[in-house]
Participant: 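One structure is given below, represented as structure tokens, and several questions about it will come after.
Each ligand, and each atom within it, is numbered from 1 in the order the structure gives.
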Amino acid sequence: MTDEMTYPGPSGIHLTSFPPREHWDDWVELDPKAWPERKEHHYMLVPTTCFNCESACGLLAYVDRETMEVRKLEGNPEHPASRGRNCAKGPATINQITDPNRILHPLKRTGKRGENRWQRVSWDDALDDIASRIRKAISEERRNEVLYHVGRPGEDGFTERVIAAWGLDGHNSHTNICSSGARAGYHYWMGLDRPSPDHANAEVILLISAHLEAGHYFNPHAQRILEGKQDGAKLIVFDVRLSNTATHADHWLAPYPGSEAAILLAIAGYLIRTRRYNREFVERWWNWKEYLAAEKPDAEPTFERFEGFLEELYREYSFAYAEEESGVSAEVIEAVAEVVAGAGTRLSTHTWRSASAGILGGWQVSRSLFLLNALMGAVATEGGTFPNAWNKFVPRPIYLPPHPDVWNDMSWPGDYPLSLHEMSILLPHFLKEGRGKLDVYFTRVYNPVWTNPDGFTWVEALSDESKVGLHVALTPTWNETAYFADYVLPMGVAAERHDIHSYETHDAQWIGFRQPVLRAARERLGESIHDTRETNPGEVWEENEFWIDLSWRIDPDGKMGIRRFFESKKHPGDKLTVDEYYGYIFDTSVPGLPDQALEEGLTPLEYMRRYGCFEVERNIGPRHEQEVPPEELEDTVVDTLGRVLTKAPKPDAPNVVPNPTPAGDAEGRRPVGVDVDGRTLRGFPTPSGKLEFYSSTLAGWGWPELAVPSYVKSQIHPENLEEGEIPLIPTFRLPVQIHTRSANAKWLDEIAHTNPLWMHTSHAAKLAVKTGDLVRVETRIGHFVVKAWVTESIRPGIVACSHHMGRWKLSDLGQKQLMATVAMSRDDSKWTLSRKKGVAPYASKDGDTDRIWWTDAGVHQNLTFCVQPDPISGMQCWHQAVRVRRAEPDDRYGDVHVDTDKAHAQYRAWLEKTRPANTVSPDGNRRPYCLLRPLKPTKKAYRLPE
Ligand code: SF4
């Protein structure tokens, strides 16, 4: 490949079709529809980032210079993670901009909640009303009655800081329906809660689930997995379905769901028994001394002795045992173990949702998976797996409001002291039990009625004004939860809002910039824009300006101490603008950016508006091996296990997200490094500074039996199923849809609009079911009726149904391409959802809507799932124990029946599994301070009430 064939920007990608950046002001393309006439279109190319999943890939908006409209979006070759490539959801952003059903103006409810009757209101009226309620709640010390609940954060940390500036512990997230399980497993190992695999340079890539088609950091990872494969890497995939990812695997294992950790531990046991692990790494970087001190205090504290115990610990996880648990043959597992053993330090592994999000003890899946990396020394190595924070760049913002001095038990209940993160799935049950109430509740790109388990319990809570005083839905598009709001406020899609991002896509650090592209285009032409609404469709706003404005209205004269965090530093007394906010960050906090911008005669903000991304650093390497400089070692002490700590207590670390600094010891002394072979190295942000094979946090907080990587028999383990029950896997994504946000993209809806029940041919034969037949799936709180898809591509005896479908609306008002119109009825605790009308063509300003040919929108299965929080991570254990049978004569496609009394009883049953803080806390705190949490309150607020 010649240099001329590679793009000269950070992507260095070999495709030559990207418009060269010097032509981004005036890029000419011919109008294909006008052919053979050579009609030219002149475009200004303006970067932004995709908002359709968490990867934040780069996009380039093609802004027609004549009409100043966005014509299309394609990949941004300046983006070092996505490198000019996107999945189907990226270019489909144009559909979301032009969606004829989108919400264009602020709306206020006129009927009862759920009646779907609205009137248009001004932004001013809506903001004043919301602000006055928040002001009153804060002034009356009802701070925990204001809650902000986010689905997809647009920008890491922005709104957390807004909430902190208001003095609230009012951040709630979707994490425990998504990634709490995986996070916990990684956190206990390395003090950081996500992995960053270097797939492109790996010898062996081990994925739990479908990362190539729909996994976390999907497109950036998928292209690097394929690069790794092209260079000869072996791909191992665990997936109960023959997913597209599994079809690319060298070794596809379809274990019984929930048995993944048993296989991983059998592989670990093999590596240990055969001495195929990296002894030097384990000796230097595992906290084996701590393990011996805690668990084998009478043993000689030598590494050799530890190795003996290690072998004993994993002896029970033989290949035969793994076969018994998983149904995968011992020979196959042994063959995979051999492949892993041959990876050396080039073993990249990844799990995120999947098993970790499906089962009780799912966090032990990620903990067991990372055990393989830790054994091989494939940690922060080329081709290995990094802690995420090392491959992520977090700049310092213009203001850092202090830690709030308040604790919100509704999000961080004492029942779950180790949860990562908020226990958001339990909110409606807490409201039902009277643990508290909400005065102002924001849902933001979040749709718990549809996305969460037990949606009818959410409907009950959101319909009750004594429980939720004011519900404000911030959303670009209609969703099931917004129907139960008081205000629906229209927010911008990817091309209509500002955010910055950085994610652990590979061994580098970069920062991406999402921006309202028409605003940026008009500014490039010399116009001055003060408010993003000036360039967005209708009255659609962006959130950052919204939060700044709302904060001013909460504290109009600044006496509450809130306004100061939203004031200009350049012009004291003026409102902070987004230009100043981002300009400050890019000027002061992104190493190398000001110089790079200067080279092009631009300010750092102009540079980011022009290119959309900046690569801060490449090839980060092993940060844990970095030596701590001598000046940082003054006034330090070393504890018995080698942790180097400041002599004196230190105040709370700055309130930034993420905050990888562990709490330090009981005296509040902060860790500086760790002693390794007589040198003080940076180490890992764990309590010990080492990789924690043994977690003193788990042991100290009531779970000593799970302190080392081990296997937990899940809620769908055969021993825990009732007669006739089988596992339902409801967690898998469809590659072209993403939860709530992508339903208003017509191209995606045309490709994927149904979610049949995957069922193996042998299973279907027993039930006399064929593809397309209706089947009834009964959970422990209700049932749903869905069509069967009979296939060889799933493990026999397991059924699976994608959660991306089953969208509904209560009347014609709503999204029409992927939402069925339903009737919702209630008889005390018994709820029914039945389909009135499927999707149909309709007339609109978009001629394509007349050509809609599909009628299906899938079935909403999550309504029939009870909450099943893992007692440690807090993760919803999504996999369900179900009975599947042929539908009854009166059953109709899409029917859903649920009893919320049964749902509440299940919530109580799962609550019994917990070990609450007031019974296990070793230090009088509500949770370990070393565990990450967004918006950490003060240490004082961490104290358990007397
Ligand atoms: S993977 Fe697809 S949906 Fe996700 S950010 Fe990239 S282009 Fe968008």
Participant: Distance under 6.0 Å and angle within 45° of the ring axis: does Arg241 meet both against Trp758?
Facilitator: yes
Participant: Provide the closest heavy-atom pair for Ala752 versus Leu734 in the form atom of the first, atom of the second, distance.
Facilitator: CB-CD1, 4.2 Å
Participant: Could you please provide the protein residues found below 4.0 Å of ligand 1 on a heavy-atom basis, arranged by chain and number?
Facilitator: Cys50, Asn52, Cys53, Ser55, Ala56, Cys57, Asn86, Cys87, Lys89, Gly90, Phe218, Asn219
Participant: Who pairs with Ala355 by side-chain contact (heavy atoms from CB on, under 4.5 Å), at least two apart in sequence or on another chain?
Facilitator: Ile208, Glu260, Val365
Participant: So, the side chain of Thr451 versus the backbone of Pro448: is there a donor-acceptor pair under 3.5 Å, distance only?
Facilitator: no
Participant: With under 30° as parallel and over 60° as perpendicular, where do the rings of His739 and His803 fit, or are they tilted in between?
Facilitator: tilted
Participant: For the residue pair Arg194 and Tyr186, would you count it as a cation-pi contact if the rule is NZ or CZ under 6.0 angstrom from the ring centre and within 45 degrees of the ring axis?
Facilitator: no
